[in-house]
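As structure tokens, the structure follows; a few thoughts come after it.
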Amino acid sequence: MEKNLAKTYSPKEFEERIYAEWEKNGAFRAERDPKKKPYTIAMPPPNITGQLHMGHALDQTLQDVLIRWRRMQGFSALWIPGSDHASIATEVKVVDKIREEEGLTKEDLGREEFLKRAWQWKELYGGKITEQVRKLGNSCDWSRERFTMDEGCNKAVIEMFVKLYDKGLIYRGNRLINWCPECGTSLSDAEVEHEDKNGKYWYFRYPAKDGGEGIVVATSRPETMFGDVAIAVHPEDERYKDMIGKTVILPLVGREIPIIADEYPDPEKGTGAVKITPAHDPNDFQVGERHHLERPSCINPDAKMNGLAGKYEGLDRFECRKKWAAELEEAGYLVKTEDKVIPSGECYRCSTIIESMLSDQWFVAMEELAKPAIEAAKSGQLVHVPDRFEKIYLHWLENIRDWCISRQLWWGHRIPAYYCDDCGELIVQTEAPVVCSKCGSSKIRQDEDVLDTWFSSGLWPFSTLGWPEESEDYRYFYPTDVLVTGYDIIFFWVVRMVFSAIEMTGEIPFKYVYVHGLVRDAEGRKMSKSLGNGIDPLEIIDQYGADALRFMLTTGISPGNDMRFKTDKLESSRNFANKLWNASRFVIMNLQDEEGNFLETPEFMEGLELRDEDKWILSRVNSAVQYITDNLEKFELSLAGQRIYEVIWNEFCDWYIELVKNRLYQGDEQEKKVVRAVLVHALKDMLKLLHPFMPFLTEEIYSYLPKGTPDADNPEDFLMKGAWPVVDGQLEYPEEVKRIETAMEAIKSIRNIRAEAEAAPGRKLRAVILADGEGAAVMESCRRYIMSLANITEILITADKTETPEEAMSAVISGAEIFIPLDDLLDYKAEFERLSREKKKLEEEVDRLEKKLSNEGFVAKAPANIIAEEREKAAGYRDKLDKIRDRLELVARKC
RNA sequence: GGGCGAUUAACUCAGUUGGUAGAGUGCCACCUCGACAAGGUGGAAGUCGUUGGUUCGAGCCCAGUAUCGCCCACCA
């Protein structure tokens with residue numbers, strides 16, 4: 001084995017290997033440890049319809065960050081993986097596949113054979129998905145992997161159905177439902193997508209039976225006229241008052257229908273008179289109920305007209321619409337047409353226009369179930385993050401209608417309802433009956449339909465833990481802690497999990513709903529198959545590594561908002577990984593002797609003589625621990641990730657390593673030992689803080705570091721099992737931090753002078769620093785930093801102004817003035833301009849602050865600490881400004 | 001019809017309790033120095049959509065408005 005990291009970060013070399021090691025060592029397995037607190041997330045099960053997309057990658061990475069962090073914090077963290085059978089979506093795919101490959105329909109195959117094919121599909125794609133989940137580095141407990149149609153979930157579904165049925169909350173009824181003619185099944189309201197389409201109104205005259213003018217109605221759907229049973233007008237509508245109770249004739253059809261009065265018609269819309277077709281319109285259905293009207297259907301489930309349409313029987317509804325409207329026009333019944341935007345409903349799977357149809361279906365009565373789910377959010381027991389999504393959740397629940405759960409499909413949970421062919425008895429129970437409980441007949445037939453796929457996913461947080469059994473997992477891990485999902489499935493899923501869980505388990509299934517946005521393409525378009533703009537996470541992982549992908553997905557975003565997938569962000573994440581990789585390489589290099597053996601490196605800081613920069617980096621890391629932990633608590637993953645990036649790159653790499661190089665290269669053994677200790681300590685903490693975001697890279701680096709003494713409580717064989725760093729009040733060194741910050745200020749201004757003067761970086765320069773009292777003491781302590789990082793060979797610190805050179809470029813920093821003699825290079829004009837710019841900036845600041853401080857309101861009302869801070873700042877700027885002015889005067893004379 | 005989000009540097013976006021605007025990418029100049037060119041150093045770049053209000057003080061809070069986007073809605 002190599003003793004140090006390779007020169008370039010190359011994730012392919014280790015990601016797969018590390019995942020295999022974690023898995024082999026059971027690192028993801030959650031134990032029911034009574035000494036620990038459980039932390040549980042049920043992974044939203046991806047559909048087995050195909051492969052994972054970027055949305056899954058985002059969703060799962062967020063969960064893995066939370067799970068890994070909590071695990072390190074000492075929770076017994078369980079992340080349950082699984083997949084969803086996705087009834088309708090999968091069935092559509094399998095049907096397509098059979099048609100393409102074998103030229104057969106599902107009816108050709110028969111139910112049993114079709115289900116065999118569907119299970120084969122599940123094996124194939126289910127396997128692909130779990131492979132992808134592993135590639136992403138997700139630390140889910142594979143020993144508890146579940147599928148929505150496995151034995152346990154199946155049992156849970158049946159239990160739920162029977163219980164709700166017994167309580168009267170599930171019922172069978174003949175009602176108007178959403179029908180997809182293409183998929184050949186009913187759909188719930190949530191599965192219908194609304195879209196506005198260009199269409200028109202036809203105004204047709206329905207002549208009166210008594211030979212009068214009759215009445216004109218507007219319709220966007222002439223073909224449904226064959227199902228008309230009445231014309232409704234508003235009772236207060238003066239135009240039609242006299243006509244209520246009269247009879248009109250359905251044009252060309254000849255059927256007589258009454259004019260009725262109902263509150264439903266809006267006198268402002270159309271002509272104020274509405275044709276009533278109870279079998280094909282939800283509103284009309286209700287009017288029909290109120291007036292006890294017949295409800296004849298004129299469209300069949302295959303979207304073709306039936307016998308009621310006379311000669312149009314067998315014709316597609318839209319074809320019929322054209323021909324029938326033309327025929328009516330021909331016959332003189334058309335008064336006018338009007339172009340209009342017509343709202344239409346489409347199937348969320350195949351985009352076919354949905355028909356409202358009368359049908360025998362199973363429904364869940366929602367009113368009673370919705371109440372406690374609403375209460376859960378309102379009482380604060382269920383928290384949405386960000387909270388604006390609570391509105392969406394509540395709005396949906398408060399306007400919910402009964403849920404149609406039966407589907408005329410084969411792939412799914414078959415409804416546990418049985419019919420006796422002899423006496424017609426309906427039996428609903430968990431076990432299939434052998435004989436009819438009423439008449440004893442053995443001619444029992446199970447309901448043909450399966451359940452809405454969301455019925456089973458609604459049970460996911462508890463069915464995966466063993467419910468309805470009171471299993472040990474269920475007792476220990478349930479309720480779960482957080483549900484992570486995209487805002488697009490709040491109604492489909494979140495809502496249903498909450499009411500199902502409350503009804504079945506008596507508990508709210510999770511405390512937090514952490515909602516994220518969508519991953520869009522670089523142009524901001526939704527990624528979709530039809531646009532072909534989807535990006536395969538595996539390809540990205542192959543190119544940049546899983547860590548870079550994960551970091552890119554979790555940082556630079558704000559909760560609940562969409563993000564764009566840009567490769568420059570990905571590259572920047574990969575570069576960050578490379579940066580840490582190389583910094584670690586530097587650390588490891590310095591921990592070893594020439595043969596690659598570890599040198600003595602103390603584990604603890606205590607008793608070591610730390611220098612300012614040591615204390616500075618320790619305190620920076622310590623404050624990062626605080627910040628990152630706080631923000632993870634608040635689900636602000638992006639802020640946490642951003643901070644660890646800054647600490648590693650801008651503080652550890654840019655400053656600490658540079659500050660310490662001299663000691664490592666030239667220091668004595670004791671000195672080196674101290675530096676080694678601090679390097680290892682800081683690096684380990686940073687690796688831990690970054691680990692939830694970039695698990696592979698951090699684990700790999702960790703494996704090259706010297707281990708502490710492993711013991712039972714902290715088996716440091718894997719970083720991922722190590723403890724999350726804790727904030728240590730001892731590590732706040734304000735004095736030392738301030739001195740290092742002053743050194744940085746000095747170094748930056750000298751570098752700036754060097755660049756401005758176009759002095760080659762290698763050119764040795766000397767400096768004279770004017771400072772007295774405390775300022776001089778601080779500068780004295782900064783001497784060696786300035787020498788090495790600003791490349792200064794000689795520094796004179798003096799309180800005597802006469803010792804400062806006139807022929808120099810200068811800079812003013814807090815408590816000191818720096819002069820860099822640059823005889824040959826000195827361009828007074830340029831220097832004058834540079835100082836003028838500086839002066840202007842300072843003047844603006846002083847102005848602003850003085851205005852603020854002379855504002856009586858500010859002094860009277862602002863908090864004391866703010867006022868003090870502002871005063872201090874003002875004083876500092878004034879001091880600098882004075883010095884700059886003096887300098888400027890001098891330089892002005894020279895040019 | 002109802003609701004929500006966005007509007008900040010050329011681009012993509014952060015900005016946690018109101019207290020001198022940040023990052024990444026790109027751009028300019030310089031740099032192969034013993035972790036790293038997937039790098040280093042320095043620099044340019046924003047009246048935070050707009051109007052008004054609250055406040056000593058507003059990118060942040062309130063009201064209105066414009067543009068873009070999303071969701072929900074029984075839709076003759």
Side-chain angles (χ1 to χ4, degrees), chain A residues 4-5 7-9 176 189 194 196 201 217-221 232 264-266 269-277 281-286 340-345 356 388-389 391-392 395-396 399 401 487-488 490-491 517-518 522 524 526 555-558 560-564 566-569 571-590 627 630-631 634 636 638-639 642 645-646 653-654 657-658 661 665 748 751-756 758-762 791 844-845 848-849 852 855-863 866-867 869-870 873 877:
Chain A
N4 201 346
L5 304 166
K7 190 175 172 184
T8 305
Y9 165 66
L176 209 58
D189 294 336
H194 297 272
D196 286 341
Y201 282 176
V217 300
T219 179
S220 60
R221 307 202 51 193
Y264 163 61
D266 179 352
K269 280 188 185 170
T271 63
V274 187
K275 69 188 215 43
I276 300 300
T277 322
D281 183 283
N283 290 308
D284 295 6
F285 181 85
Q286 285 176 7
K340 193 96 180 168
V341 173
I342 309 288
S344 80
S356 285
R388 69 183 130 98
F389 290 104
K391 260 191 181 174
I392 294 176
H395 182 260
W396 174 260
N399 295 282
R401 289 186 290 165
Y487 59 69
D488 50 336
I490 290 176
F491 338 106
L518 268 37
K526 208 167 160 174
T555 55
I557 57 166
S558 49
N561 288 351
D562 293 352
M563 64 178 298
R564 293 191 195 198
K566 304 267 276 184
T567 41
D568 59 358
K569 251 162 96 183
E571 275 174 30
S572 133
S573 299
R574 192 266 323 264
N575 294 353
F576 169 54
N578 186 54
K579 185 75 180 177
L580 172 61
W581 182 266
N582 278 292
S584 305
R585 198 164 144 259
F586 172 83
V587 172
I588 294 162
M589 188 182 291
N590 284 289
Y627 182 89
D630 288 351
N631 279 290
K634 291 187 285 189
E636 289 282 2
S638 177
L639 295 179
Q642 206 173 302
Y645 177 99
E646 287 164 8
C653 295
D654 288 353
I657 287 183
E658 297 305 325
K661 275 180 177 171
Y665 296 145
K748 281 186 200 166
R751 282 172 175 172
N752 176 266
I753 287 173
R754 196 186 273 279
E756 293 276 339
E758 293 177 1
N791 199 15
E844 281 168 7
E845 282 311 308
R848 194 180 59 77
L849 286 168
K852 197 171 186 175
N855 182 331
E856 281 177 37
F858 177 74
V859 183
K861 293 187 182 173
I866 298 281
I867 297 175
E869 272 173 37
E870 299 290 289
K873 271 190 263 178
Y877 288 136

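So that the names make sense, note that chain A is the first sequence line, chain B the second, and so on, each numbered from 1.
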Fill in the blank from the handout: Between A:S584 and A:R574, the residue closer to the 5' end of RNA chain B by nearest nucleotide is A:S584
Practice task
Ignoring hydrogens and angles, answer whether the base of B:C36 and the side-chain atoms of A:K579 contain a donor-acceptor pair closer than 3.5 Å.
Solution key: yes
Exercise for the section: Establish, with yes or no, whether the OP1 or OP2 oxygen of B:A73 is under 4.0 angstrom from a side-chain nitrogen or oxygen of A:H194. Expected result: yes
Problem - Distance test, side-chain N/O of A:R564 to OP1/OP2 of B:C13, below 4.0 Å - result: yes
Practice task
State whether A:N575 places a side-chain N or O below 4.0 Å from either non-bridging phosphate oxygen (OP1 or OP2) of B:G39.
Solution key: yes
Practice task
Give A:G270 one of three labels, base, sugar-phosphate or nothing, depending on what nucleic acid heavy atoms sit under 4.0 Å from its own.
Solution key: base
Problem - Phosphate OP1/OP2 of B:C4: any A:K391 side-chain N/O under 4.0 Å - result: yes
Practice task
Searching all strands shown, indicate the nucleotide that pairs with B:U65 (Watson-Crick or G-U wobble; both distances under 3.5 Å).
Solution key: B:G49
Exercise for the section: Taking A:N631 for its side chain and A:E636 for its backbone only, find out whether a donor-acceptor pair lies under 3.5 Å. Expected result: no
Handout entry: Residue-phosphate contact under 4.0 Å: A:K661 side-chain N/O, B:G34 OP1/OP2
Key = no
Practice task
Please confirm whether any donor atom in the side chain of A:E636 sits under 3.5 Å from an acceptor in the base of B:A14, or the reverse.
Solution key: no
Practice task
Is it possible for you to check whether A:K269 lies under 6.0 Å from the centre of the six-membered ring of A:Y201, through NZ or CZ, and within 45° of that ring's axis?
Solution key: no
Problem - Nucleotide paired to B:A73 in any strand shown, Watson-Crick or G-U, under 3.5 Å - result: none
Exercise for the section: Answer yes or no for this row: A:Y201 ring on B:A76 base, centroids under 5.5 Å, planes under 30°. Expected result: no
Problem - Residue A:R388, side-chain heavy atoms: nucleotide from B:C4, B:U16, B:U20 that is nearest - result: B:C4
Practice task
Determine the interplanar angle of the A:F576 and A:Y645 rings, folded into 0 to 90°, and report it as parallel if under 30°, tilted if 30 to 60°, perpendicular if over 60°.
Solution key: tilted
Practice task
Would you mind classifying the nucleic acid contact of A:F285 as base, sugar-phosphate or nothing, using non-hydrogen atoms under 4.0 angstrom?
Solution key: nothing
Handout entry: Strand partner of B:U17, provided both Watson-Crick or wobble distances fall under 3.5 Å
Key = none
Problem - Under-4.0 Å side-chain N/O to phosphate OP1/OP2 contact, A:T219 with B:A76 - result: no
